[in-house]
Amino acid sequence: MPALNVGAPPQSTSDPEARLYRKGRTGAALRFVGHTLMDNRHGLISDARVTSADGHCEREAAKVMLQSASVAKDAHWNEITLGADKSCDAKEFIEACVAMSVVPHVSKNTTGRRSAVPDEIAASAG
C-alpha cells in the first residue's frame with residue numbers, strides 16, 4: 001500500500017505547475033488563471049494573459065497589461081482608466097497605476113480594513 005503524504009499540497013498529474021485556487025464562492029481546484037484587458041468603449045479585448053494561480057496574480061497581470069497599454073498609447077487616448085473590483089484595492093497596485101499615469105477606478109474594499117483607494121480618485125468621474 002502506498003504511503004500518503006498528508007502535509008503535501010495537491011499536485012496535478014498532468015500539469016505540475018497548476019496551483020490550488022478558489023475564486024468567489026466556488027470550490028478550490030488545481031488551475032491557472034486567465035486575465036483580459038478590455039477596451040470598454042468598443043468591448044474589444046486588447047490583451048490577455050494566463051498566470052499561475054496565487055493571491056496576487058490578478059494585480060500582477062493587470063500591471064503588465066497596463067504597462068503594455070501605456071506604451072501603445074497614442075494621440076487618440078487622452079488618458080487610460082482602469083475599472084477593477086475590490087481585489088485590486090491594494091496600496092502597491094494603486095501606486096503602480098498612478099506611476100503609469102493610469103486612473104484606477106477600483107472598488108473600495110473596506111471590509112475590516114481601510115481602503116487604499118484615495119478619496120480624490122474614488123470621487124473622480126468614471
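The model shown is predicted, which means the values in this text are computed figures rather than measured ones. For this chain, numbers begin at 1 and follow the sequence in order.
Residues passing the side-chain hydrogen bond (donor to acceptor under 3.5 Å, both in side chains) test with Ser101, sequence neighbours excluded: none. Among residues two or more places apart in sequence or in another chain, the side-chain contact (heavy atoms from CB on, under 4.5 Å) test is passed with Arg113 by Asp89, Asn109. By the side-chain contact (heavy atoms from CB on, under 4.5 Å) test, Val64 is found to be paired with Arg49, residues two or more places apart in sequence or in another chain being considered. For Ser107, the side-chain hydrogen bond (donor to acceptor under 3.5 Å, both in side chains) test picks out no residue, with sequence neighbours left out. With sequence neighbours excluded, the residues satisfying salt bridge (Lys or Arg N to Asp or Glu O under 4.0 Å) with Arg59 are Glu92.
Atoms NE2 and SG, on His105 and Cys88 in that order, are 13.5 Å from each other to the nearest 0.5 Å. Interatomic distance, Leu37 CG to Leu82 CG, rounded to the nearest 0.5 Å: 7.5 Å. Expressed to the nearest 0.5 Å, how far OG1 of Thr81 lies from CG of Leu66 amounts to 10.0 Å. Rounded to the nearest 0.5 Å, atoms CZ (Phe93) and CD (Glu58) are 9.5 Å apart.
One hydrophobic cluster, built from ILVMFWY side chains closer than 4.5 Å, cannot hold both Met38 and Met65; they sit in different ones.
The minimum heavy-atom distance between Val102 and Ser70, with the atom names listed, is CG2-OG, 4.0 Å. Between Ser52 and Cys57 the shortest heavy-atom distance is O-CB, 3.4 Å. The two atoms that bring Met100 and Gln67 nearest to each other are SD-OE1, 3.2 Å, heavy atoms only.
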### Query
Going through the distances and angles, do Val103 and Cys97 end up as a side-chain contact (heavy atoms from CB on, under 4.5 Å)?
CA-CA 7 Å; Val103 180; Cys97 287; over 6 Å; no
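Within 6.0 Å of CG in Leu44 there are more than 12 heavy atoms belonging to other residues, nucleotides or ligands.
Applying the side chain to side chain donor-acceptor pair (under 3.5 Å) test to every pair with at least one member in residues 27-36, sequence neighbours left out, gives these pairs: His35-Thr51. Under the salt bridge (charged side-chain N to carboxylate O under 4.0 Å, His left out) criterion, the residue pairs touching residues 103-112 are Lys108-Asp119, with sequence neighbours excluded.
Under a 4.5 Å side-chain heavy-atom criterion applied to ILVMFWY residues, the cluster that includes Phe32 comprises Val50 as well.
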